[in-house]
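This structure is a prediction, so every number in the text was calculated from the model and none was measured. All values below were derived from every heavy atom in this structure, side-chain atoms included, with hydrogens, water molecules and symmetry-related copies excluded. Letters A, B, ... mirror the listed sequences (proteins, then strands); counts begin at 1.
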Amino acid sequence: MNSNIYDILKERGFIAQVSDEDALRRMLGGNPITFYVGFDSTATSLHAGSLVPIMVMKHLQQAGHRPIAIVGGGTTMVGDPSGKTEMRKMLSEDAIRKNGQAIHAQLDRYLHFDGKKSLALDNADWLLPLNYVEFLREIGRHFSVNRMLAAEAYKMRLEKGLSFIEFNYQLLQAYDYLHLYQKYGCSLQMGGDDQWGNILAGTDLIRRVEGAKVEAMTFPLLTTASGAKMGKTAYGTIWLDPSLLKPYDFYQYWVNCDDRDVGRFLKLYTFLPLAEIKQLEALKGSDIRKAKQALASEATSITHGEKAAKETQVSASTAFGTGEGKSGRDLAAMPSTTISRERLTGGINPAELFTEIGLSSSRGEAKRLIKQDGLYVNDKQIKSLNQQLNEADLTPNGILLRAGKKKYHRIIVK
RNA sequence: GGGCAGGUACCCAAGUGGACAAAUGGGGCGGGCUGUAAACCCGCAGCGGUAACGCUUCGGAGGUUCGAAUCCUUCCCUGCCCA
């Protein structure tokens, strides 16, 4: 009874809105369908915020349905104003193309595009050749400006200004859906809840042009319990690309999540069965860490592979593990900088070194941190501004620098 | 094209000739408490300097003045209203 993938998605908290729940459940419970999700080519990598659509795609793929991942090479040229307070700066065509390629490569790790059971397309392919007047006559006439203006998604922009180019975004996205319907029989589009209006514009367009009924589904826009957007932290964005964010730090992101988020995240970002999640959720007090570790290692495994997940878990537990000396901290995962022996012999001002390696943004800040007892050498606080680093600080592992509680950097001397 | 209102630090937003490196708040950072959590408490806040102090900042460029984020000129940008 609960084998319908629709119910599973619902239970795991993936669904914000759907066009027609009964129809969609029937569809997803029946023969394989083709569905699509669009990704903006606004950056060179996806980040944790995109994991929800990715997870949904994987779920549906496992249930036998066919995913199409659209990279928005065409739509990104225009820029989606939905829910935005101001216009995004324009990206060059070249940047958009490069971003799109990078994103396709990333999505491939999750969805394994083969061109048949799993497709990766770029909407630039059919949007860029469009003829303006023709497009207006064939597609534009189906859109009511009145309705678009009434949409919640544009409300903010109506107060602050909305340019014509952005106003067209919805038409292009709707056209995407139509195109995919005609060419690939795509009958479900999904996206973030802010895309609801754009997605419905697509189902409407298909109804008007083809007289067919297709479906729409959106995912909730997630924030952490403390209100932050998914995938952003003080240290930066939680990229999915290991060259932009080490698997170790990716893992740390999940372990460091708010207690209140663990259950929700386990359902969304892992494939653990609900029964198991229920048990993890029931943990109390410091045992919650176990649930967080499960979350982190599953999520890391999905994105970076099982091997990387194991490694990061080991290094994390040695670094933060209870009691025993800190010597076991994972040196390999730690960023490092090499300096010359002569330099060390001459004595180095810590403020200078911390700034040089990026643990502080300026010498002034480094000094401030020292005054606040926030800088450490080999886990010992730097007590005075005059303190110099020299060979006495050199350990077999180099010199371990630390700013605050969690930011480490290793100095290798050669 | 015309009228009006604006453009201040990461964000919101005060300040309208000197005491402004720039209020308050949010966010951030450090410390404490803890469970690598939350909440809470204390502290920090351009850059250089132990400091005195110096240098650079309030959309851009010029100017007035002993002295400008604050006044003038001009340019750019944003919003509202009118065409």
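- B/G1 is paired with B/C82 under the Watson-Crick or G-U wobble criterion, all donor-acceptor distances under 3.5 Å.
- Annotation: of the two residues near RNA chain B, A/Tyr251 and A/Asp373, the 5′-most nearest-nucleotide partner is A/Asp373.
- To the nearest angstrom, P of B/G35 lies 12 Å from NZ of A/Lys405.
- Ring geometry, A/Tyr269 versus A/Phe265: the interplanar angle exceeds 60°, so the pair is classed perpendicular (tilted spans 30 to 60°).
- With both ends at atom P, the span from B/U36 to B/G25 equals 31 Å, rounded to whole Å.
- A/Ile382 has its CD1 atom 15 Å from the C1' atom of B/G31, to the nearest Å.
- A cation-pi arrangement is found for A/Arg402 relative to A/Tyr376, the charged atom lying closer than 6.0 Å to the ring centre and inside a 45° cone about the ring normal.
- B/G26 and B/C40 have their P atoms separated by 10 Å, with the value rounded to a whole Å.
- B/C58 and B/A14: their C1' atoms are spaced 12 Å apart (whole Å).
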Review point. How does protein reach along nucleotides 42-51 of chain B, written 5' to 3' as B (base within reach of a heavy atom under 4.0 Å), S (only sugar-phosphate), or - (no contact)?
Key: -BSS-SSSSS

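- Between B/A68 and B/C20, the distance separating the two C1' atoms is 11 Å to the nearest Å.
- In this structure, A/Gln381 places its CD atom where more than 12 heavy-atom neighbours from other residues, nucleotides or ligands lie under 6.0 Å away.
- The separation between A/Lys290 atom NZ and B/A37 atom C1' is 16 Å, rounded to whole Å.
- In this entry B/G6 has B/C77 as its Watson-Crick or G-U wobble partner, both defining distances falling under 3.5 Å.
- Only the C1' atoms considered, B/A45 is 10 Å distant from B/A9, to the nearest whole Å.
- Rounded to the nearest Å, the gap between the C1' atom of B/C47 and that of B/A13 is 25 Å.
- Rounding to whole angstrom units, CG of residue A/Asp258 and P of B/G35 are separated by 16 Å.
- A/Asp287 contributes no side-chain N or O that forms a donor-acceptor pair with the base of B/G35 under 3.5 Å.
- Rounded to a whole Å, the CZ atom of A/Arg260 is 6 Å from the P atom of B/A39.
- In this structure, A/Lys292 atom NZ and B/G35 atom C1' are separated by 8 Å, rounded to whole Å.
- Between A/Tyr408 and the phosphate of B/U36, there is no side-chain N or O to OP1/OP2 separation shorter than 4.0 Å.
- Using a 4.0 Å heavy-atom cutoff across all strands shown, A/Leu375 reaches no nucleic acid atom at all.
- Of the nucleotides present, none pairs with B/A13 by Watson-Crick or G-U wobble criteria with both distances under 3.5 Å.
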Review point. Yes or no on salt bridge (charged side-chain N to carboxylate O under 4.0 Å, His left out) for A/Lys246 and A/Asp249, after CA distance, side-chain angles and deciding distance?
Key: CA-CA 5 Å; A/Lys246 290 201 187 61; A/Asp249 293 317; 5.1 Å; no

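- Place A/Lys284 and A/Gly404 on RNA chain B by their nearest nucleotides, and A/Gly404 ends up nearer the 5' end.
- With salt bridges taken as basic N to acidic carboxylate O contacts below 4.0 Å, one links A/Arg264 and A/Asp261.
- The residues A/Arg341 and A/Glu391 are annotated as salt-bridged, a charged nitrogen and a carboxylate oxygen being separated by less than 4.0 angstrom.
- Going from the P atom of B/G2 to that of B/U74 covers 13 Å, rounded to whole Å.
- Atom CZ in A/Arg264 sits roughly 14 Å away from atom C1' in B/A38 (whole-Å rounding).
- Taking a cutoff of 4.0 Å between a charged side-chain nitrogen and a carboxylate oxygen, A/Asp94 and A/Arg97 qualify as a salt bridge.
- Comparing B/C71 with B/U16, their P atoms are spaced 10 Å from each other, to the whole Å.
- In this structure, the side chain of A/Arg25 does not engage the main chain of A/Asn4 through any donor-acceptor pair within 3.5 Å.
- The interatomic distance linking A/Leu295 (CG) with B/U36 (C1') rounds to 14 Å, in whole Å.
- Residues A/His59 and A/Phe271 place their aromatic rings such that the two centres sit under 6.0 Å apart.
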